[in-house]
Colleague: 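The structure follows.
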Amino acid sequence: MDISAQDIELLNRVQKNFPIVSDPFAEIASELGRDKSEMINRLALLEQAGFIARFGGVNNHKKMGASTLAALNVPTEKIDEISTLVNSFREVNHNYLRENAFNLWFVVTAATEGKLQEILSEIQRRSECELLDLPMVKSYHIDLAFQI
Amino acid sequence: MIPAEKQQLLLDKLSSGLPICEFPFRRIAEELSLDEQDVLEFYRTSLANGTTKRVGMVLNHQRLGYRSNAMVVWNVPGELVDHVGELLGREDKVTLCYQRPRRAPHWPYNLFAMIHGKCRQAVLAEIARIRKENGLENIEHDVLFSTRKFKQTGARYAS
């Protein structure tokens with residue numbers, strides 16, 4: 001599936017200032033001068049093809065509960081095993097391998113700080129790796145929209 | 001008024017995904033046995049008070065050709081960290097910029113900026129430009145490219 005200039009315009013539009021109204025796509029379609037049904041079908045296709053990760057949004061972790069960025073220094077030969085262990089926690093929502101001695105980086109969110117610390121301790125204990133707990137102190141950029 | 005447990009479910013819906021269809025909020029309201037107007041009001045309030053940062057489509061950068069992603073970490077003296085954080089936060093290609101604690105002895109970095117680009121070369125060029133234009137060349141930093149993605153989902157809070 002190829003992305004057209006019209007798709008890019010649409011993808012840039014639907015990332016932010018999304019109308020919170022009953023029929024939001026009608027507003028966007030009229031702004032972009034497109035047919036609403038055709039546009040909704042196109043968005044559904046773009047989602048199916050994986051260009052759109054989800055239609056939803058991003059909550060402010062600080063106001064929701066506890067969250068942190070954590071890192072483990074995993075020996076290369078144990079990467080598959082430990083990443084599977086980390087992924088098995090449903091409180092883990094991002095998990096990436098990165099180029100550093102601390103090579104496995106993941107975000108943990110939980111309803112309370114106590115629960116969060118419990119999960120981190122368990123991951124540390126079961127992985128037998130050194131763990132960095134790096135909660136956000138301050139945000140300098142909160143707009144996650146990404147113009148393409 | 002929406003009961004607390006359903007408020008949590010509505011917030012989690014933003015992470016797990018709303019349906020792409022003609023009346024998406026009505027569909028969610030029906031699913032949770034709520035009134036559509038109450039759901040709309042809830043999301044508007046949540047955006048207004050900062051509980052929700054954004055409602056809309058979340059793109060898959062990699063799928064769109066932005067295959068390279070680096071977490072750039074900086075060791076900024078305490079009195080400069082807000083200033084440098086704001087400079088980085090203003091850069092177009094920086095999608096996230098957070099201050100986080102240092103962890104001695106192995107982790108001296110207190111400022112994190114995420115940068116996406118079409119390839120590693122483009123990201124490195126962008127980092128060099130950002131360092132030069134903002135006068136950050138003397139600040140110790142490291143670039144952690146991601147080499148594999150094991151998981152990417154929205155956050156969940158409801159138990």
Colleague: Give, as side chain, backbone, both or neither, the part of A:Ala49 having an atom under 4.5 angstrom from any heavy atom of chain B.
Modeller: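 When you check distances to chain B, atoms from both the backbone and side chain of A:Ala49 fall under 4.5 Å.
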
Colleague: Tell me whether B:Arg100 contacts the main-chain N or O of A:Asp133 through its side chain, where contact means a donor paired with an acceptor under 3.5 Å.
Modeller: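 A pair under 3.5 Å: no.
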
Colleague: Given a strict heavy-atom distance threshold of 4.5 Å, which part of A:Val108 is in contact with chain B: side chain, backbone, both, or neither?
Modeller: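 Neither the backbone nor the side chain of A:Val108 comes within 4.5 Å of chain B.
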
Colleague: Between A:Leu134 and chain B, with a heavy-atom cut-off of 4.5 Å, which part of the residue counts as in contact: side chain, backbone, both or neither?
Modeller: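 When you check distances to chain B, atoms from both the backbone and side chain of A:Leu134 fall under 4.5 Å.
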
Colleague: Top residue by heavy-atom pair count (under 4.5 Å) with chain B, among A:Thr112, A:Asn17, A:Leu132?
Modeller: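 Of the candidates given, the most pairs with chain B belong to A:Leu132.
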
Colleague: Counting only heavy atoms closer than 4.5 Å, note whether A:Glu99 contacts chain B via side chain, backbone, both or neither.
Modeller: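 Both parts, heavy atoms under 4.5 Å.
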
Colleague: Strictly by modelled atom types, are A:Asn103 and B:Arg148 linked by a side-chain donor-acceptor pair under 3.5 Å?
Modeller: no

Colleague: Cut-off 3.5 Å, side chains only: do B:Arg26 and A:Ser22 have a donor facing an acceptor?
Modeller: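 Judged by distance alone, the side chains do pair up.
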
Colleague: Quick one: does B:Arg63's side chain have a donor or acceptor within less than 3.5 Å of a partner on A:Gly50's backbone?
Modeller: no

Colleague: Tell me, side chain or backbone of A:Phe25 under 4.5 Å from chain B's heavy atoms, or both, or neither?
Modeller: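 The side chain, not the backbone.
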
Colleague: Measuring from atom CE of B:Met57 to atom CG of A:Leu46, what distance do you get when rounded to the nearest 0.5 angstrom?
Modeller: 9.0 Å

Colleague: If every non-hydrogen atom of A:Pro19 is compared with every non-hydrogen atom of B:Phe25, which pair is closest and at what distance?
Modeller: O-CE1, 4.0 Å

Colleague: At a 4.5 Å cut-off on heavy atoms, which part of A:Leu104 comes close to chain B: side chain, backbone, both, or neither?
Modeller: side chain

Colleague: For A:Asp7, which atoms come within 4.5 Å of any heavy atom of chain B: side chain, backbone, both, or neither?
Modeller: neither

Colleague: Answer yes if the side chains of B:Thr51 and A:Asn60 hold a donor-acceptor pair under 3.5 Å, and no otherwise.
Modeller: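 No, A:Asn60 and B:Thr51 have no side-chain donor paired with an acceptor closer than 3.5 Å.
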
Colleague: Among A:Arg13, A:Lys36, A:Lys115, which has the most heavy-atom pairs under 4.5 Å with chain B?
Modeller: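 Answer, by heavy-atom pair count under 4.5 Å with chain B: A:Lys36.
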
Colleague: Among A:Asn87, A:Ile79, A:Asn73, which residue has the highest count of heavy-atom pairs closer than 4.5 Å to chain B?
Modeller: A:Asn87

